[in-house]
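Report on the following structure.
Computed from heavy atoms alone, side chains included, the values below leave out hydrogens, waters and symmetry copies.
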Amino acid sequence: MLLDLSEDETLLKESLEQFAAGSIRPKIKAFVDRHDFPTELVKEFLSLGFMGTAYDPDFGGGGLGVRGSAIVAEVLARAEPGFAAIYLCNSAPMSVIARYGSDELKRKWLEPLCRGDFIASFGVTEPSGGSDVASIKTRAVEDGDSFVLSGSKVFSTNAGTPLHGASTFVAVTDPELGPKGLSTFVVPVGTPGFTVGKPGRKIGWRIADSVELFLDECRVPKAHMVGNRGDGLKQILTTLSLGRILVGASGLGLARKAMDLAKAYGAGRKVGGTPIFNHQGLTFPLADGLTKIHAAELMIRNAACLADAGRPFRLETSMAKLFATEMASEVADVALQVHGGYGVFEEYEVSGLLGEARVLRILEGTSEIQRLVIARELLA
């Protein structure tokens, strides 16, 4: 029953698969090879309204919650993992605004994001912080009816692209309160003092630009604070937990893609006159992979259902993210092995999947961080 899709979810998945088949798959390889952001393809995706899938219809969303959002991430990743990255990294700022922003803030930012007017990025990780989100150094100093932000963030995906319209930043508003002194702000592109670094070339997410963001006495109105002053850490942790469901769903889609490529190649490949799938040395690892894909799907769907029901979900999201992303690496490795020597050549799509899968084990909390979360729950 967990895997049954509602009528709306079925229509969503079918529409996404049509978009993937008709637009992403025929055109995306050139962008991946060049590490280029596919502006026109993303514009087409935005025009179809998929960015708003999860959110309240009162603010232009589709109302399908985290379950719907996980479907989007999975289908996109099965077509091209980097395209799923663009989606899920836009979902993080949308999620924090949707969950904690005032109605005024939602009208100003969530609604146009749901319409696809532009995309946003999330500014949390800092050069010296890594996984320690409580050690953020970016400052937000109150000044009249504004806050003045100074600091920098790294690994902000979607920022600096032609479609980038705003970023959310977590900054220290009350340093004397420690982790309880963090707050979140929306900073529009073009705000004086807000600049973006150049994207680097990555082993995965090659079409999704990830950059450093700089704030140099960047002034924003107090109305751009998301939720309550001092709630930044709570907002980060919840947003990351929700993001882990989408990262896990991306791993699920990537694993299905790897399985598709392995089956297509192996079906026609013979060694010594014998089809390679007659050898248990290849079919048994694929059988294990298929079993783990099914388990990951159950875990992701369960975590999404808990989140949508308003029940505690942090443990389940960490387990789902950990299992699904490590499973994706395993299945990608098996798929490359099926291809043999050809699997290491860039002409073969399978060659890039190991790098794509490896990225998923780091972002939104490394595998080690997920194990730490799970262990703390175990010992609680």
Side-chain angles (χ1 to χ4, degrees), residues 3 5-55 60-64 67-91 94 112-119 157-158 161-164 204-209 246 249-265 267-268 293 297 300 328 332 335 346-353 356-357 360:
L3 295 180
L5 298 182
S6 69
E7 183 177 348
D8 286 343
E9 289 171 339
T10 300
L11 290 172
L12 170 67
K13 188 172 184 180
E14 290 174 350
S15 298
L16 282 161
E17 288 172 342
Q18 289 174 8
F19 171 73
S23 295
I24 298 180
R25 288 192 177 96
K27 303 172 185 177
I28 202 65
K29 188 177 187 303
F31 294 97
V32 173
D33 290 345
R34 298 192 304 264
H35 292 242
D36 279 352
F37 182 81
T39 302
E40 295 305 316
L41 277 176
V42 176
K43 281 184 179 178
E44 182 183 352
F45 176 76
L46 294 176
S47 72
L48 297 172
F50 292 126
M51 279 297 187
T53 292
Y55 305 104
L64 294 184
R67 277 176 55 130
S69 198
I71 291 170
V72 179
E74 180 192 347
V75 173
L76 292 179
R78 193 170 187 173
E80 163 51 41
F83 213 101
I86 295 167
Y87 172 75
L88 68 91
C89 289
N90 193 45
S91 295
M94 292 179 73
L113 282 165
C114 286
R115 283 198 307 265
D117 293 353
F118 54 87
I119 58 177
T157 300
N158 290 336
T161 66
L163 304 178
H164 182 211
W205 286 17
R206 288 164 287 178
I207 63 169
D209 289 351
L246 303 192
S250 297
L252 177 61
L254 189 154
R256 291 196 192 281
K257 179 183 182 73
M259 191 68 71
D260 292 341
L261 294 172
K263 288 167 62 179
Y265 181 83
I293 285 172
E297 184 173 13
I300 291 161
E346 291 185 353
E347 289 84 351
Y348 286 79
E349 199 174 0
V350 74
S351 67
L353 291 186
E356 297 286 356
L360 299 179

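- Using a 4.5 Å heavy-atom cutoff, the side chains of Thr161 and Thr39 are not in contact.
- The NZ atom of Lys257 lies 10.0 Å from the CZ atom of Arg78; values are rounded to the nearest 0.5 Å.
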**OP:** Could you give me the CA-CA distance, side-chain angles and deciding distance for Leu163 and Phe37, then say whether side-chain contact (heavy atoms from CB on, under 4.5 Å) is met?
**Re:** CA-CA 10 Å; Leu163 304 178; Phe37 182 81; 4.0 Å; yes
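- With respect to the salt-bridge test (charged N to carboxylate O, under 4.0 angstrom), the residues Glu349 and Lys29 do not qualify.
- Taken to the nearest 0.5 Å, the OG atom of Ser351 stands 10.0 Å off from the CD atom of Glu356.
- The pair Lys27-Glu80 does not count as a salt bridge, with every side-chain nitrogen at least 4.0 angstrom from each carboxylate oxygen.
- Proximity of Ser15 to Leu48: side-chain heavy atoms (C-beta onward) are nowhere separated by under 4.5 Å.
- Interatomic distance, Glu40 CD to Lys43 NZ, rounded to the nearest 0.5 Å: 4.5 Å.
- Taking each heavy atom of Val75 and Lys13 in turn, the nearest pair found is CG2-CG, 4.0 Å.
- From Leu88, atom CG reaches atom CE of Met94 across 12.5 Å, with rounding to the nearest 0.5 Å.
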Original post:
Between Ile86 and Thr157, is a side-chain contact (heavy atoms from CB on, under 4.5 Å) present by the stated rule, with each step listed?
Top reply: CA-CA 7 Å; Ile86 295 167; Thr157 300; 5.6 Å; no
Original post:
What's the verdict on side-chain contact (heavy atoms from CB on, under 4.5 Å) for Ile71 and Thr53, showing C-alpha distance, side-chain angles and the deciding distance?
Top reply: CA-CA 10 Å; Ile71 291 170; Thr53 292; over 6 Å; no
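- Ring pair Phe19/Phe45 is tilted by interplanar angle, where 30° to 60° counts as tilted.
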Original post:
For Leu76 and Ile24, what are the C-alpha separation, side-chain angles and deciding distance, and is it a side-chain contact (heavy atoms from CB on, under 4.5 Å)?
Top reply: CA-CA 9 Å; Leu76 292 179; Ile24 298 180; 3.8 Å; yes
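- In the model, Ser69 has no side-chain atom that pairs as donor or acceptor with a side-chain atom of Tyr55 under 3.5 Å.
- Within the model, atoms CG of Asp33 and CD1 of Ile207 stand 11.5 Å from one another, a figure rounded to the nearest 0.5 Å.
- The side-chain heavy atoms of Phe118 and Leu46, taken from C-beta on, include no pair separated by under 4.5 Å.
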